[in-house]
Amino acid sequence: MLKKFSFSKKEKLKSRKQLAQLFATGKYFTTFPVKIFFIENQKPEAINIKIGVGVSSRNFKKAVERNRIKRLLRETYRVNKMPLVDFIDGNKKNVSIFFLYIDKVMPTHVLLKSKMPVIIDKLIKQLSETSITNT
RNA sequence: CUACAAACCCGAACUAUCGAGUUAUAAGUAAUUAUAAUUAGGAAAGUCUGGACAGCAUAGAGCAACUCACCGGCGAAUAACCGGUCUCGUGAUAAACGAGAAGAAAGUGCCACAGAAAAUAACUUCAUACUUAGGUAUGACAAAGGUGAAAAUGUGAGGUAAGAGCUCACAGUAUUGCAAAGUAAUUUGCGAUACGGGUAAACCUUGAGUGCUGCAAUGCCACGUAUAGAGCCGUUUUAAGAGCUGCUCGUUCAAGGCUCAGGGUAGGCAGCAACAGGUGUUAAGUAAUUAGCAUCGCAGAUAAAUGAUAGUGUAAAAACAGAAUCCGGCUUAUGAGGUUUGUAGCUUU
């Protein structure tokens, strides 16, 4: 069992192969200022959700700013992930998700904090739709 | 005390809640869990340099290419660090600061505009020859022309028809002999010779030096595919081709090799965090630095940890900014303040 608000190394999306597959064949939607890529994996694994975060180096040239955005994205996901975890565990799915920040302005923590529950809700909705069409 | 300049220091703190990487200990067959410790910089940046380390080569020679260029010291090493010498600039002929440093008398080239001329000087001048004249050709020597960033070393005297380093004196620059000082660059003094510009960041010459590639190096383990296809060369020591830096020579290996197209993998471990280590102190040295003693263990990720929120507090949750093999130096960016030194001003005595 995972702890309630933890975000360990195991939950990170690390494999280069999985990432390439995610961007090539995965679905996506945009909730400004974040673009979300997601894909359902067929092989079951020990950890059901894997998360990656990213910022375009074209929009933010300095590494300090990119680090800051990635940390904020991870932090807001960590705090707000419980509904998604419950949904995934309940339906026995296995998904990979990637959050890509697309705005060109530095975000505030308040903004992302308000957006993240919306994103999670939308994600749950989309995942349940796909499972209906698949079955 | 204030202002300015330079150098150096610092690069905010504490509490609570939630979370991440690494290490250690304990529990567990294991996944893992618990506890404790620890977790970004002065530039981590630019990648401009010197090394360490690793692989390849070690059969070399020549050419090419690149780097450097006053002297000494330091150091693993460097043109780059420290100290000194000389020249130039700012400045007050000072102090201080800044810039520079083989060769222009080996050769080639270039020097805008203006100017007679920008470098084997000669337009205006003079002499001679030719010509009806205007002028043309050859030779001579150089003061003045008021242009330019730069014009043939400057001043004075002699000399002469008038002039000219033509001669002399003093001064300047360069080379050089002797003596003294200094480890040396060099300086000072007494002489000799020469004086017809700059540019070497234009080519170049001289001297010294440099194997090539960089941790995406490299070694190992695991997984996986195609033993399919097309083209070219060779299998006759008369050898295709490959290695040895870029080329040439030379040399070694050599029976399969090269190209196209296509397919697979892209995980893990080591390298990789203990040292040209950090901090403090004493001694030597102008300093860079070195030596002794004490003490500390000080990031190690891999789509990539080092964080988020709230409060205390403050003028302000602050500027520049995020390790990626590791060290030395350089360069660039940078908030608020502090210390020291120098200069100027004011006040007091």
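Values below: all heavy atoms of this structure, side chains included; hydrogens, waters and symmetry mates excluded. Each chain gets a letter, A, B and so on, in the order its sequence line appears, and its residues count up from 1. Predicted, not measured: the structure shown is a model, and the values here were computed from it.
Base pairing of A144(B): its partner is U124(B), meeting the Watson-Crick or G-U wobble criterion (both donor-acceptor distances under 3.5 Å). Summarising the base pairing, A12(B) is matched to no nucleotide, lacking a Watson-Crick or G-U wobble pair whose two defining distances lie under 3.5 Å. Pairing partner, C298(B): none, since no Watson-Crick or wobble contact has both distances short of 3.5 Å. When Watson-Crick and G-U wobble pairs are counted only if both distances are under 3.5 Å, A216(B) pairs with no nucleotide at all. When Watson-Crick and G-U wobble pairs are counted only if both distances are under 3.5 Å, U136(B) pairs with A129(B). Across all strands shown, the partner of C190(B) is G177(B), judged by Watson-Crick or G-U wobble contacts whose two distances both fall under 3.5 Å. Base pairing analysis places A37(B) opposite U22(B); the two distances defining the Watson-Crick or G-U wobble pair are each below 3.5 Å. With a cut-off of 3.5 Å on both Watson-Crick or G-U wobble distances, the partner of G271(B) is given as none.
The separation of C272(B) from C258(B), taken at their P atoms, amounts to 35 Å, rounded to a whole angstrom. Atom P of G83(B) sits at a distance of 11 Å from the matching atom of C97(B), rounded to the whole Å. A distance of about 35 Å separates the P atoms of C71(B) and C327(B), rounded to the whole Å. To the nearest whole angstrom, the two C1' atoms, one in C244(B) and one in U58(B), are 9 Å apart. When the P atom is used for both G335(B) and C320(B), the distance is 9 Å, rounded to whole Å. Look at the P atom in both A169(B) and C68(B): the space between them is 49 Å, to the nearest Å. Spacing of P atoms, C130(B) relative to G107(B), comes out at 43 Å, to the nearest Å. Spacing between G165(B) and C170(B) at atom C1', rounded to whole Å, works out to 14 Å.
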Every protein N/O lying under 3.5 Å from an N/O of nucleotides 38-40 of chain B:
none

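As a whole-Å value, the separation of Leu72(A) CG from G307(B) P is 12 Å. Across the protein-nucleic acid pair, Ile69(A) atom CD1 and A303(B) atom C1' stand 15 Å apart, rounded to whole Å. Atom-to-atom, CZ of Phe98(A) to C1' of A304(B) comes out at 12 Å; the value is rounded to the nearest Å. Going from atom NZ of Lys70(A) over to atom P of U302(B) covers 13 Å, rounded to whole Å. Rounded to an integer number of Å, the gap from Phe99(A) CZ to A304(B) P is 13 Å. Going from atom CZ of Arg74(A) over to atom C1' of A301(B) covers 11 Å, rounded to whole Å. Atom CD of Glu75(A) is separated from atom C1' of C18(B) by 7 Å (rounded to the nearest Å).
Annotated as anti: G262(B), whose glycosidic dihedral deviates from 0 by more than 90°. G42(B) shows a glycosidic angle within 90° of 0 and is accordingly assigned syn. With a glycosidic angle no further than 90° from 0, C298(B) counts as syn.
Nearest heavy atom pair, residue Phe99(A) against residue Ile119(A), reads CE2-CG2, 4.0 Å.
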Test side chain to side chain contact (heavy atoms under 4.5 Å, CB included) applied to Thr76(A) and Leu72(A), step by step: CA-CA 6 Å; Thr76(A) 48; Leu72(A) 284 174; 5.6 Å; no
